[in-house]
There are 2 protein chains.
Amino acid sequence: MNNNRFAVAVHILSLLELMKDTRLTSEYIAGSVNTNAVVIRRIMGMLSKAGLVLTSPGVAGASLSRPTDQITLLDIYRAVQSGGQEELFAIHDKPNPDCSVGRNIQSSLENVFSQAQLALENKLSALTLDQVTTDLASKM
Amino acid sequence: MNNNRFAVAVHILSLLELMKDTRLTSEYIAGSVNTNAVVIRRIMGMLSKAGLVLTSPGVAGASLSRPTDQITLLDIYRAVQSGGQEELFAIHDKPNPDCSVGRNIQSSLENVFSQAQLALENKLSALTLDQVTTDLASKM
DNA sequence: ATTCATGTGACGATTATAGTTACAACGGTT
DNA sequence: AACCGTTGTAACTATAATCGTCACATGAAT
């Protein structure tokens, strides 16, 4: 994960929560994030498809689909993953099957990598959008 | 992290351990990984710079610098990170300082992101190369 | 000296991402 | 019904990271 979508997504959702009485346009959000409005709409589309926000075509003002303490960072993280990118760590394919290590390395790697990924995901699902917005609100 | 270097690095180190009585060339290792020898030498260079393996220019046969149970996956993970890439999750820079959310989002994100990263790193440092090589050995 | 291996620089191909332009479709307003 | 602002999305460009590859200088050993 070294794109900015995760961070921008949290930014968007925080704005929606903290300015829920205002109907924010993608243009306005783009101004806060400091990027192009289409970038916002693209990410908003992912959040919408994941069921985290509610939008209607043509009308400004998205809203969260549920309370901030029921939206975990794992929800957001997964929402902005492109194309079934389930795995945190890539494993090289086609190691040499004629080598005893090459033949078995993939399953051994998958074993440890999935443990690490699970630790990350457990933490991400224990962190909610509420923690971010509460933190932000305390600074305003 | 979606390059293969982490996986290949573990593969290399596993080979060095399980065939420690043989002097492996980068060409041989490349055959097991199924890639080019230069790719192996590049990654071996990172592992060497990180102090995980001992090599000598011009002579085949690298070796581990310490026992497998003292080489954690975090050691390896960090060794193959390119250019001071410390952070797991990127944060967009230059959010709008005139917006109360834009002004504070970075520190709020850093707060939660670093908690998640720490959870991952704790797990990675609890997993050692020994676990991988033991697992591999049991399949041979 | 010859030979083989490592370490590195350089280059091309591939891929992911971010930003941008353009535009169709939609809704609310008048 | 016509208009206008907005969303959703396709298309294109620029940029950056990565991998494979060639080339070659350097080191070590026979």
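Atom OH in Y28(B) sits roughly 18 Å away from atom C1' in dC4(C) (whole-Å rounding). Between N3(B) atom CG and dC19(D) atom P the separation is 5 Å, expressed in whole Å. To the nearest angstrom, C1' of dG8(D) lies 13 Å from CE of M46(A). Atom pair N34(B):CG and dC19(D):P shows a separation of 14 Å (rounding to whole Å applied). If you take CG of N36(A) and P of dT17(C), they are 18 Å apart, rounded to a whole angstrom. Summarising the geometry, the separation between CG on N4(B) and C1' on dT14(C) is reported as 14 Å, rounded to the nearest angstrom. Look at CG on L54(A): it is 15 Å from P on dT7(D), rounded to the nearest Å. Rounded to whole Å, atom C1' of dT21(D) lies 14 Å from atom CD1 of I40(B).
Taking the six-membered ring where tryptophan is involved, the planes of F6(B) and F89(A) are perpendicular, since the angle between them exceeds 60° and thus also 30°.
For the 3.5 Å distance criterion, the side chains of N111(A) and S108(A) fail to qualify, holding no donor opposite an acceptor.
Using modelled atom types, no side-chain atom of E110(B) and backbone atom of I91(B) make a donor-acceptor pair closer than 3.5 Å. Judged by distance alone, with hydrogens and angles left aside, the side-chain atoms of S32(A) form no donor-acceptor pair with the main-chain N or O of I29(A) at under 3.5 Å.
OP1 or OP2 of dT18(D) sits under 4.0 Å from a side-chain N or O of S82(B). Contact annotation: R5(B) reaches the phosphate of dC19(D) (side-chain N/O to OP1 or OP2, under 4.0 Å).
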Report all interatomic pairs (protein N or O, nucleotide N or O of nucleotides 5-8 of chain C) with separations under 3.5 Å.
| residue | atom | partner | partner atom | Å |
| --- | --- | --- | --- | --- |
| dT6(C) | OP1 | S26(B) | N | 3.0 |
| dT6(C) | OP2 | S26(B) | N | 3.4 |
| dT6(C) | OP2 | S26(B) | OG | 2.7 |
| dT6(C) | O4' | G58(B) | N | 3.0 |
| dG7(C) | OP1 | T55(B) | OG1 | 2.7 |
| dG7(C) | N7 | R41(B) | NE | 2.8 |
| dG7(C) | O6 | R41(B) | NH2 | 3.1 |

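The minimum heavy-atom distance linking A9(B) with L47(B) is given by the pair CB-CD2, 4.1 Å. Nearest heavy-atom pair, H92(B) versus V8(A), reported as atom, atom and distance to 0.1 Å: CG-CG2, 4.0 Å.
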